[in-house]
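Let me begin by presenting the structure, written as structure tokens, before commenting on it.
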There are 2 protein chains.
Amino acid sequence: MAPRAASREEAVARLVELFRTHGYDGVSLSRVTAATGLGKGSLFNYFPGGKEEMANAALDHIDGWFETRIFAPLRAVPTASAGLIAMLDGVEAYFHSGRRACLMAVFALESHPNPFSARIGSYFRAWLEAIASAVERDPQASGRAQDFAENMLSAIQGGLLLAIALNEPARFTNTIERLRRDCCAHLAPCPAMASPS
Amino acid sequence: MAPRAASREEAVARLVELFRTHGYDGVSLSRVTAATGLGKGSLFNYFPGGKEEMANAALDHIDGWFETRIFAPLRAVPTASAGLIAMLDGVEAYFHSGRRACLMAVFALESHPNPFSARIGSYFRAWLEAIASAVERDPQASGRAQDFAENMLSAIQGGLLLAIALNEPARFTNTIERLRRDCCAHLAPCPAMASPS
DNA sequence: CGTTGTTTGTACCGATCGGTACAATCCCGG
DNA sequence: CCGGGATTGTACCGATCGGTACAAACAACG
């Protein structure tokens, strides 16, 4: 059932998916060995801190991905609307159009507070600040940047939650599409929409 | 640490809070006995089906509360804006202004799919339909009822998630306040706002 | 080929998991 | 005061939990 993970990085990638769908408590070491094809020997060689280190490695992986692919671009983008729409595209792709849950959200809700609460908070705070920094660059909405960011991130996470809970990925893509329209409606220079369909 | 629960109903109330903050996997029978003051004997007398029946009793409790206090009123209300604002007030109070998580959301994310997926889906679907049925009664927005409902519920759940993840309840109350303004902005007869501040 | 350090499978550990059995206790009608 | 059904604490069950110990297998390099 489990093609053996060839490297620590590949093991981390599988851990991410494992924690994403089963939560921290729902992932047992036997499940990890099954999903990675690695025995306990290798596992504790890669992750001497045990399960908690595995989870932290998974969170590290996500932190890194979002920082370089989502947050940093947002902070550097010249115009808010284009930057935010690019972010929405990236997020839609990352979450497989609503078929994949957000690991940070899973860990945040599963048990709270928990050992990961601090870094989960940092993740969402970084996301909020990245959005706000882009909006502040917008001539029309710079005063409402905090509010705009809070609204947008709430919608993303809520839409994703609904998509998972209902097993209807379209709940997420609909939400993303609404947010795209919001960008065009409330921010200054809206790039031509591809196909309003 | 635990004043003994005097009735099955009181035990269920404590189970709700227990599952809400620790998730299904995070609640062990020893935790249940500690939180309810009930030994295993009483526990399996009240809930012969064991932990799964305890969880279902907790979900029943929430289903009932929302059905009578939120969903049914929404379906019966004459004007959409007044009904939705009453719903927002009720929801804000129920979730303790963002200090309390949504048990349905916790169970939905913790592990998916899981034995409770079907009823979790029913819960969110009922909520969506209740909102939509109210909006359909609105002369201005009746055509966008589905979209309006999806957007509103996403925002509620996302705002709650952010409040929990950041341990900043204001993230939730801000979101609720934004939704109140949305109601006044996009629905026909807006009752006078208390204080636009 | 030999040696040295890393990687790996396996046996094992105490603790805790959800659940059962059952005897003691309680409560209440007669 | 007594008898019988409901309630309850406790001892116990096999399974699984996360984690450790360690020896065999392996790799790299001289």
Side-chain angles (χ1 to χ4, degrees), chain A residues 1-60 103 106-107 110-111 113-117, chain B residues 1-60 103 106-107 110-111 113-117:
Chain A
M1 238 335 180
R4 182 192 178 84
S7 62
R8 196 191 121 114
E9 277 144 67
E10 198 183 324
V12 170
R14 304 216 192 152
L15 283 169
V16 169
E17 298 313 312
L18 216 51
F19 283 121
R20 200 197 293 284
T21 54
H22 296 90
Y24 184 77
D25 285 334
V27 170
S28 62
L29 291 195
S30 65
R31 247 185 183 148
V32 175
T33 64
T36 59
L38 268 34
K40 286 192 177 189
S42 319
L43 243 26
F44 278 79
N45 185 35
Y46 284 153
F47 312 98
K51 193 170 139 180
E52 189 166 332
E53 184 170 342
M54 296 178 205
N56 272 308
L59 295 176
D60 284 342
L103 176 54
V106 173
F107 275 29
E110 182 181 353
S111 182
N114 65 45
F116 312 105
S117 296
Chain B
M1 241 326 182
R4 181 190 178 84
S7 63
R8 197 191 120 113
E9 277 145 68
E10 197 183 325
V12 170
R14 303 216 192 152
L15 283 169
V16 170
E17 298 313 311
L18 216 51
F19 283 120
R20 200 198 293 284
T21 53
H22 299 290
Y24 184 77
D25 285 335
V27 170
S28 61
L29 291 194
S30 65
R31 248 184 180 147
V32 175
T33 63
T36 60
L38 267 33
K40 288 193 176 189
S42 319
L43 243 27
F44 277 78
N45 185 36
Y46 284 153
F47 311 98
K51 191 171 141 181
E52 189 166 332
E53 185 171 342
M54 296 178 204
N56 272 308
L59 295 177
D60 284 342
L103 175 55
V106 172
F107 274 29
E110 181 180 354
S111 182
N114 64 46
F116 312 105
S117 297

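Note on naming: letters A, B, ... go to the chains in the order of the sequence lines (proteins, then strands), and numbering restarts at 1 for each one.
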key: Contact list for residues 18-30 of chain B, test side-chain hydrogen bond (donor to acceptor under 3.5 Å, both in side chains), sequence neighbours left out   = B:Glu17-B:Arg20, B:Arg20-B:Tyr94, B:Ser28-B:Ser30
query = Can any side-chain N or O of B:Lys40 pair as donor or acceptor with the backbone N or O of B:Leu29 at less than 3.5 Å?
reply = no
ask   = Is the backbone of B:Gly37 close enough, under 3.5 Å, to the side chain of B:Arg14 for a donor and an acceptor to pair up by distance?
value = no
What pair of heavy atoms forms the shortest contact from [X] to [Y], and how long is it?
{"X": "B:Val106", "Y": "A:Glu110", "value": "CG1-O, 4.4 Å"}
{"X": "B:Ala58", "Y": "B:Leu103", "value": "CB-CD2, 4.2 Å"}
{"X": "A:Arg4", "Y": "A:Ser42", "value": "NH2-OG, 4.3 Å"}

query = Checking side-chain contact (heavy atoms from CB on, under 4.5 Å) for the pair A:Lys51/A:Val32: CA distance, chi angles, key distance, verdict?
reply = CA-CA 9 Å; A:Lys51 193 170 139 180; A:Val32 175; over 6 Å; no
query = Reading DNA chain D 5' to 3', which nucleotide is the first, and which the last, to come under 4.0 Å of any heavy atom in chain B?
reply = D:dT7 to D:dT10
request  = Rounded to the nearest 0.5 Å, what's the gap from CZ on B:Phe19 to OG on A:Ser111? Could you check?
outcome  = 12.5 Å
task = Return the residues of residues 4-28 of chain B meeting this criterion: a heavy atom under 4.0 Å from some atom of DNA chain C. Order them by number, or give none.
result = B:Val27, B:Ser28
request  = Mind running a 4.0 Å heavy-atom check of residues 48-55 of chain B against DNA chain C and sending the residues that fall below it, in number order?
outcome  = B:Gly50, B:Lys51
message = Let's see if you get this right: which residues in residues 39-46 of chain A place a heavy atom under 4.0 Å from DNA chain D?
response = A:Lys40, A:Phe44
With sequence neighbours left out, write down each residue that passes side-chain contact (heavy atoms from CB on, under 4.5 Å) with [X], or none if nothing qualifies.
{"X": "B:Ala35", "answer": "B:Leu18"}
{"X": "B:Glu9", "answer": "B:Ser7"}
{"X": "A:Tyr46", "answer": "A:Arg8, A:Leu38"}
{"X": "A:Asn56", "answer": "A:Glu52, A:Leu59, A:Phe116, A:Arg119"}

